[in-house]
Structures are given as C-alpha cells and as structure tokens.
Number of protein chains: 2
Amino acid sequence: MNENKNISIKDVAKHANVSTATVSHVINGTRFVSEETKRKVHQAMDDLNYRINSVARSLRSRKSHVIAFLAPILASETSNFFFMSVAAGIQSVLKQNNYHLVLSDSHEELEFEEDEIRMLSSQMIDGLIMAPASRECDYDQHFGDYPVVYIDRVPNNHQRDSVLVDNKTVSKEAVQMLIGKGHKRIAFLSGPHTLTTTEERYEGYIEALTEAGIAVDSQLIRIGEVTLSNGYQLTDVLLQHDPSAIFVTDNVMAMGVMSYLQEKSIRVPGRIAVVAFDEFQWTRITSPPLTVIEQPAFELGVKAAEVMLERIENANAPRQEHRLTAKLIVRQSS
Amino acid sequence: MNENKNISIKDVAKHANVSTATVSHVINGTRFVSEETKRKVHQAMDDLNYRINSVARSLRSRKSHVIAFLAPILASETSNFFFMSVAAGIQSVLKQNNYHLVLSDSHEELEFEEDEIRMLSSQMIDGLIMAPASRECDYDQHFGDYPVVYIDRVPNNHQRDSVLVDNKTVSKEAVQMLIGKGHKRIAFLSGPHTLTTTEERYEGYIEALTEAGIAVDSQLIRIGEVTLSNGYQLTDVLLQHDPSAIFVTDNVMAMGVMSYLQEKSIRVPGRIAVVAFDEFQWTRITSPPLTVIEQPAFELGVKAAEVMLERIENANAPRQEHRLTAKLIVRQSS
DNA sequence: GTGAAAGCGCTAACAA
DNA sequence: TTGTTAGCGCTTTCAC
C-alpha cells in the first residue's frame with residue numbers, strides 16, 4: 001500500500017551515520033545534538049519517509065500521551081451532542097499539549113462501560129475522563145494505574161477529581177423564574193434519578209418551591225424513561241393535574257412534551273409554560289421557541305482536560321471538584 | 001492508585017511454574033495446553049490481577065486489533081449525529097469480531113484531518129474508515145500500511161473500498177414525489193459541492209426535473225454555507241422567485257428554512273412544501289412534521305466495518321463499492 | 001557531543 | 001505437552 005514499510009530508527013541511524021540514541025534524541029529534543037548532526041538525521045528521516053512507531057515508544061517510555069474519554073456518546077441523538085461538545089472541549093486543550101484523545105462509548109450501560117474500561121486499561125492510556133453510567137458502581141477496582149477525572153456526573157463516594165455542572169443552582173433559578181411569572185403549579189419531568197445530575201436538578205426544583213412557600217405536589221412530579229414517546233405520554237398524565245408550567249430536565253423528553261402540546265393545540269406559554277434542559281438548534285424552531293438551560297459543555301471538557309493534565313503533572317495534588325455554571329436562556333415558551 | 005502495577009506475563013509464569021510461552025498460549029489459545037496447566041495459569045492471573053499489555057502485544061505481533069474512524073464528528077450538532085450513528089454501526093460489528101474502535105475527529109477540515117491521519121498512522125491501527133473532508137486531496141500519500149475504507153463520500157480517483165448512500169436515486173425520488181403532487185417550481189438548497197454527496201443529490205434533482213420536462217431554473221438553486229442562519233437567509237432569497245416547494249439537502253439548513261417559514265407564518269405545505277435530508281427526532285415536532293430522507297447511517301457503519309474486516313482478511317480481494325438505499329419518509333410538510 | 005547496549009512485555013520460531 | 005530465546009522499535013543509562 002505504501003512504501004513506509006518498516007523504517008525504524010535503526011534505518012535512519014544507519015542512513016545518517018549516527019547511533020540510534022542520537023536519532024531518538026533528535027526526535028525528542030532530549031539532549032544536545034550538534035546542528036550538523038541534526039541536519040543529517042532530519043535528512044535521513046525525510047529520505048526514508050520515517051514515521052515514529054508510537055507503540056514501541058509507549059512500551060518503552062510507559063507513556064502514551066493518550067487520554068481516553070468514556071461517555072454515552074453513541075446512546076442517543078441528544079446525549080451524544082452534549083458529550084460531543086464535551087469531547088471537542090477536551091480535544092482542544094489536549095491538542096495544545098500534544099496529547100491525543102480517544103473516544104470511547106459506554107452506551108450508558110454498566111456492562112458496556114466495564115468492557116471499555118478493561119479494554120482501555122490494557123491499551124496504555126495516560127488518563128481517563130469519564131461520565132459514569134451508574135452511581136452505584138465501584139469503578140476503582142476496574143481502573144488501571146492512571147488518573148481518572150469524572151465529568152458531568154460522579155459515582156457515590158468517589159475519591160477522584162471531578163468537573164460538574166451546577167445543576168441545582170440553575171434549576172432553582174429556572175423554577176424561580178417561573179414562580180416570578182406567577183406560576184404556582186409547576187410540574188417536574190425527568191429521567192430516573194440514577195444519575196447525580198438528575199437528582200441535583202430535582203433538588204433545585206424542590207428548593208425553589210419550598211423557599212417560595214409553595215407546597216410540593218407529588219402528582220406534578222413524573223419520572224420516566226428518557227424517550228420522546230415517554231415525554232409525550234407523561235405530559236398527557238401531568239395535564240390531568242392542571243399544571244401551568246412544566247420543567248423538563250431532559251432534551252429528548254422535551255421533544256415529547258412539545259409534540260404533545262402541539263398536537264393537542266395547547267397554547268404555549270398561554271395555557272402552559274415550558275422550560276427544558278439543553279440548548280440545541282432545534283429548540284429555536286419550535287413554536288414557540290423554547291426557554292432552555294444551556295450547559296457549558298465545551299467548557300466542561302476544557303476544564304476536565306486541564307484538571308487531567310495537572311493531575312498527570314502532580315499525582316499528589318489535592319483532589320479538585322469543579323462546578324461550572326449553566327445559563328438560563330429565556331425565550332417565548334415561558 | 002491501583003495494585004496492578006507491573007504484573008507481566010513473566011510474573012504470571014513464575015507464579016504458575018510455567019514458561020512465559022505457555023502463559024501466552026493460554027491467553028491466546030494459540031496452541032494446546034493441558035487443562036491442569038491452564039487452570040494454574042488462570043489461577044495465577046487472577047491471584048496477581050494480571051492484565052495484558054496490549055501495547056507490547058501490538059509491538060510484537062504487528063497487529064493492534066484497532067480500527068480508526070475518522071470523520072467530522074465534532075463539527076456540528078447535526079453532522080455529528082449522522083456520523084455517530086455510523087460509528088455505532090461500525091462498533092457493533094467490530095465488537096463481535098474482537099476489534100476495537102477509535103473515534104477521531106476531522107473537523108471537516110483538511111488540515112485537522114491530515115494531523116489525525118499522521119497521528120493514527122503512528123499509533124499502529126489495523127485499518128482506517130474515513131469520511132474524507134475533501135474530494136481534491138491525495139490521501140494515499142498520508143496513509144500508512146493499513147487498509148482504508150471510505151464512507152459516505154470519496155475523494156476523486158481513489159482506489160479504495162467505499163460504502164456510500166445512493167444519494168442520487170433517493171433525491172430523484174423525492175423530487176419526483178413533489179412533481180407528482182403538481183409542483184413545477186421546486187427550489188434546491190444545499191451546501192457547497194465540495195463533497196460528492198451534495199453533488200449526487202444535485203444530480204438527482206436535475207434528473208428528476210429534466211425527465212419530467214421541467215426546465216431547470218437557476219434562480220431556484222442556492223448553494224451556501226451550511227448553517228441555520230444561512231438556511232434562513234437563502235429561503236428569503238428563494239421566495240422572491242416563487243417556488244412552490246423546497247428540497248433542502250442539509251439538516252441544519254432545513255432548520256433555517258423552517259424557522260423562516262414559521263416566523264413569516266408561511267403555510268407549509270399549502271404555500272410551500274418542504275423536503276429535507278436526514279431523519280432526526282426534531283423533524284417530527286416541527287409544524288408540520290417534516291418530510292425527510294432517512295439515510296441508513298447505522299447500516300452504513302455496519303457495511304463499512306464488514307468490508308474492512310474482509311479487506312484485512314484478504315488484501316488482494318477486488319475493490320468494493322457499496323451503495324446503500326436511503327428512504328423517503330413522507331410526512332405533512334410535502 | 002555521541003555511542004553501545006539493556007530492556008519495556010509480549011509472540012512465535014525452534015527445540016525438547 | 002512445554003520451555004528457551006530472539007527480537008518487535010523505541011528510550012535511556014552509562015560510558016567515552
């Protein structure tokens with residue numbers, strides 16, 4: 001296929017009349033080499049079309065300069081965009097620091113996730129950034145000897161660095177905004193509380209109500225599988241309890257909500273106001289455009305990568321937990 | 001962090017009182033080992049919590065069992081979902097065959113792409129599946145000594161396997177459907193023809209018109225940057241030329257179209273019909289729900305992975321070009 | 001300023 | 001049925 005068959009550092013050394021050590025040092029800048037020798041080596045590398053074999057390099061140096069990102073990126077069209085933005089953020093700082101990113105999918109399922117961790121652990125990675133699929137799992141027993149940074153969510157009782165969104169604060173803010181507009185019966189629609197994120201959003205909702213002296217009505221709280229059709233059905237159920245607003249903590253469910261309201265010609269926000277999580281392009285073209293909470297996905301990735309690199313530098317630095325602020329974007333649906 | 005410091009095959013061998021060769025063969029099933037010995041070896045591996053070092057394994061065996069997928073996965077929230085579905089398809093067959101998938105982002109930019117190819121080529125991959133960002137580039141000079149399968153699009157004059165969507169046929173079908181409903185002035189809105197996909201869709205459009213004896217009106221054809229706002233603006237321009245239908249070959253532009261029509265309260269399909277590319281969940285919740293062309297993204301990935309594995313098996317098999325059929329989903333917008 | 005050589009953890013040819 | 005050992009391509013210590 002290509003003439004770059006098996007050109008090794010040895011061939012380059014021979015061609016340039018130097019030792020392999022010198023070639024290696026030229027490549028890595030790890031010790032002084034005279035200009036003249038450098039020139040010869042570069043010449044030889046060009047002539048032979050030499051490409052470093054980073055597998056051999058990793059084996060010897062015990063560093064791969066590869067960071068893995070494990071998240072439910074293939075799971076659904078919504079979660080995948082959030083995590084892809086996170087990935088883009090991670091990538092941007094890794095690239096600057098000469099690290100590489102490997103994306104790995106967890107399917108949001110524990111079993112898949114463990115498989116991937118096993119695989120990654122044997123591939124020699126220098127670090128793992130992950131959005132755990134479960135709070136309950138004891139991940140530590142699966143990890144290899146590399147730093148781990150949790151992103152977006154964390155498992156219970158973990159001892160690692162983490163970079164999270166301040167879900168509670170922004171959820172509270174959103175609900176308070178609704179309360180400020182006179183809403184008293186505010187429904188809460190979300191996926192199961194198996195993730196710390198969902199739980200935190202719930203807490204924000206409860207706190208806003210409580211502080212405003214509004215009684216929490218369990219009829220207005222619905223938890224269910226995160227699908228469009230489930231959002232649709234639960235909206236139907238919720239409407240029987242006469243809410244004047246719905247706070248949906250998931251984007252896909254929000255589509256279900258909107259499709260229900262549209263189909264039944266229920267006026268938004270006249271009859272019912274809607275606030276949803278996540279800013280996607282489609283939230284601007286619903287009728288009316290949606291009020292949403294925009295999560296700093298890219299920045300989450302940037303921060304996580306920064307934390308990772310710091311951790312690699314200094315294994316003993318104190319543990320960090322970062323909370324990034326999300327932004328409420330008020331549009332016509334509320 | 002973890003007690004699995006440096007357990008090698010050697011430690012296992014010592015612990016089990018066998019040779020490293022035996023351990024290796026137990027792991028890989030590459031030659032007969034007595035049950036008794038196998039048991040001892042497994043025992044030792046468990047005791048020591050041994051994990052294979054696949055870097056060493058790759059170095060020695062010159063196979064990594066890793067396939068890379070290079071595509072514009074981080075570029076935009078739309079393209080990314082298409083390619084993530086492709087990735088899921090690839091993943092599903094690789095997993096069954098004990099291969100691993102590494103996702104790599106091209107940003108839809110040649111420079112990024114070359115960077116990634118360079119990096120991948122030094123990482124010892126067994127194959128590369130890619131959606132080239134450009135038709136013009138001579139990719140072959142960048143590739144290493146592994147098979148390459150093009151997916152979704154191909155560069156000019158390539159000599160590789162490819163797995164593509166039958167864009168022309170389905171586009172033609174869509175336009176014919178519009179013609180069948182009496183439309184004569186059908187607008188065509190797309191991104192630049194730098195990708196084979198866009199070009200093929202254009203050909204389908206032209207062919208449908210021509211065969212129906214409808215003159216092609218260049219005023220009804222608009223090419224532009226693939227963004228929501230550009231879709232919005234070009235719709236405004238197009239409407240000055242009185243089309244009764246719009247065929248948009250890109251999903252993000254379609255959002256722009258819909259947002260314009262909605263904002264100006266233009267009836268769909270009464271005043272203007274809309275057909276767009278790609279089936280996303282949001283296309284079901286626009287008013288009215290969109291008629292779209294659904295690409296077999298997952299199947300594309302499956303096929304590409306299959307072709308790749310065949311190619312790895314047999315480097316000299318004849319070159320394959322596969323065309324998968326896309327599906328027109330007629331909903332209320334047309 | 002540069003070279004020789006050991007060895008990372010594994011696989012596989014050869015030997016027994 | 002199993003063991004011995006060379007060597008994959010690189011980095012890095014030690015020596016000069």
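In what follows, every chain begins at residue 1, and chains take the letters A, B, ... in the order their sequences are listed.
Annotation: side chain of A:Asp161 is not in contact with side chain of A:Val163 (no heavy-atom distance under 4.5 Å).
With D:dT11, C:dG9, C:dT2 as the candidates, the nucleotide lying closest to the side chain of A:Ile52 is D:dT11. Residue A:Phe32 places its side chain closer to C:dG1 than to any other of C:dC10, D:dT12, C:dG1.
With hydrogens and angles disregarded, no donor-acceptor distance shorter than 3.5 Å links the side chain of A:Thr22 to the backbone of A:Val18. Judged purely by atom type and a 3.5 angstrom limit, B:Asp105 uses its side chain to pair as donor or acceptor with the backbone of B:His107. Remark: side-chain polar atoms of B:Tyr139 are paired, donor with acceptor, to backbone N or O of B:Ser134 under 3.5 angstrom.
The base of C:dT2 sits within donor-acceptor range of the side chain of A:Arg31, with an N or O pair under 3.5 Å.
If B:His25 and B:Leu59 are placed on DNA chain C by their nearest nucleotide, the residue sitting closer to the 5' end is B:Leu59. Comparing A:Thr22 and B:Thr22 by the nucleotide of DNA chain D whose heavy atom lies nearest to each, the residue mapping closer to the 5' end is B:Thr22. For A:Ile9 and B:Glu36, each mapped to the nucleotide of DNA chain D holding its nearest heavy atom, the one lying further toward the 5' end belongs to B:Glu36.
Regarding contacts with the backbone of C:dT2, a side-chain N or O of A:Thr37 is found under 4.0 angstrom from either OP1 or OP2. Under 4.0 angstrom from either OP1 or OP2 of D:dT2 there lies at least one side-chain N or O belonging to B:Ser34. At the phosphate of D:dT12, neither OP1 nor OP2 sits under 4.0 Å from any side-chain N or O atom of A:Thr30. OP1 or OP2 of C:dG3 sits under 4.0 Å from a side-chain N or O of A:Ser19.
Between A:Arg62 atom CZ and C:dC10 atom P the separation is 10 Å, expressed in whole Å. Separating the NZ atom of A:Lys63 from the P atom of D:dC10 is a distance of 18 Å, rounded to the nearest angstrom. Per the geometry, CG belonging to A:Asn53 stands 5 Å off P belonging to D:dC10, to the nearest Å. When the P atom of C:dG9 is taken as reference, atom CG of B:Leu48 falls 14 Å away, rounded to whole Å. Per the geometry, CD belonging to A:Glu35 stands 15 Å off C1' belonging to C:dT2, to the nearest Å. Between the C1' atom of C:dC8 and the CZ atom of B:Arg57 lies a distance of 16 Å, rounded to the nearest Å. As rounded to whole Å, 14 Å separates atom C1' of D:dC10 from atom CE of A:Met45. The separation between A:Lys38 atom NZ and C:dT2 atom P is 10 Å, rounded to whole Å.
A:Ser24 comes within contact range of at least one nucleobase, with a heavy-atom separation under 4.0 Å. Residue contacts shown for A:Asn17 are limited to sugar-phosphate atoms, with no base heavy atom under 4.0 Å away. Looking at heavy-atom distances under 4.0 Å, B:Val55 makes no contact with the nucleic acid at all. When heavy atoms are screened at a 4.0 angstrom cut-off, A:Thr20 is found touching base atoms of the nucleic acid.
Between B:Phe83 and B:Phe69, the ring-plane angle classifies as tilted under the 30° and 60° cut-offs.
A:Val12 pairs with exactly one of A:Leu48, A:Asp47, A:Thr20, A:Ile27 by the side-chain contact (heavy atoms from CB on, under 4.5 Å) rule, that one being A:Leu48.
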